[in-house]
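This report concerns only the one structure given below.
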Amino acid sequence: MSETTPEAEPRKLAEEARDRVRFEEEALALADQVYRVARRLVSTREEAEDLMQETYARAFRSWQSYQPGTNLRAWLLRILTNLNIDRGRRVQRSPDLQPLEEGDYFLYNKLEENGETDEDRVDRRLSQDDAVAALSEVPHDFRDVLVLVDIGDFSYADAAQILDIPIGTVMSRLHRGRRILKRELADRAVGSNV
Amino acid sequence: MALGFEPDPCEKCEEMLQPYLDRELSDAERAEAEKHLDTCSYCRKRYRFEAELRRFVRQAAVEEMTPDLKAKLAALRTPL
């Protein structure tokens, strides 16, 4: 049992305050990266901003449940994705069960069929708006994983932990999400006629 | 062209495309993919395209947060 002295309590409070300040500073330093993911998980900027404020308010309240030394960005995104689901912001759609027979080379092959494919210059065939619109067409369950891995640069294991799903589910959703994204991009590609 | 029950190496390479770019392959699988890519321009072009496509989508999807939101988040900190 630890010995309690009259000086111990203020010291403990001071240490806790210091740890809390450090946590808040580290969490705020990651806000830009967290926002980039949040923005593509929801439809509008306003939704993303609300979600960020709710996430940070909750993170600052429950900072002591964060284990120092673990991935703080993943911890923040776990709060954010849970809030996004809990608050019913997502308009749930039934899973996209259309058959997707195309392989991973599908988009390249389609573009090649319809003219020159310059593998180094995707932007000749697609605009920024095409990419954003195509991404928004990917159903939520698939998009969550796609955004975490492709925009958030999380590993499969981190994405599994954030979304609380098995790693095999991350892989299968990612696989399907990317194929849906490519089909959407193919529909928008300049001169593709696919 | 693959014969008999030997898997088509380009088909196998296509299957490894996504985990390769995600850096999720084992060292042995990665070496196998790279060995094939060194000799196959068909797959090499498609890998380069995929890497470029991902970079393009990632950049296109980036929207920075506003200074106003940054200030709102900072204001949520516990007062000292």
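Chain letters run A, B, ... following the sequence lines, proteins first, then strands; residues in each count from 1.
Side-chain atoms of A:Arg36 do not come within 3.5 Å of backbone N or O of B:Glu63 as any donor-acceptor pair. B:Arg77 places no side-chain N or O within donor-acceptor distance of the main-chain N or O of A:Glu24, the cut-off being under 3.5 Å.
Tracing side-chain contacts under 4.5 Å through hydrophobic residues (I, L, V, M, F, W, Y), one never reaches B:Val62 starting from A:Leu148; they form parts of separate clusters.
Proximity to chain B is absent for every atom of A:Val37, based on heavy atoms less than 4.5 angstrom apart. Contacts of B:Leu73 with chain A are made by both backbone and side-chain atoms, with heavy-atom separations under 4.5 Å.
B:Glu64 and A:Arg39 are not joined by a salt bridge, as no carboxylate oxygen comes within less than 4.0 angstrom of a charged side-chain nitrogen. Classification of A:Arg178 and B:Glu50 as a salt-bridged pair fails, no side-chain N sitting under 4.0 Å from a carboxylate O. Of the charged side-chain nitrogens involved, none lies within less than 4.0 Å of a carboxylate oxygen, so that B:Lys72 and A:Glu49 do not count as a salt-bridged pair.
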Point to revise | side-chain contact (heavy atoms from CB on, under 4.5 Å) assessment of B:Lys70 paired with A:Leu28 | key: CA-CA 8 Å; B:Lys70 273 188 190 179; A:Leu28 285 170; over 6 Å; no
Exercise for review: Decide yes or no on side-chain contact (heavy atoms from CB on, under 4.5 Å) for A:Val132 and B:Val57, but give the supporting numbers first.
Suggested key: CA-CA 8 Å; A:Val132 171; B:Val57 170; over 6 Å; no
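Chain A is approached within less than 4.5 Å, heavy atom to heavy atom, by B:Cys10, B:Cys13, B:Glu14, B:Leu17, B:Gln18, B:Pro19, B:Asp22, B:Arg23, B:Glu24 from residues 10-27 of chain B, ordered by number.
Partners of A:Arg22 according to the side-chain hydrogen bond (donor to acceptor under 3.5 Å, both in side chains) rule, which considers only residues two or more places apart in sequence or in another chain, do not exist here.
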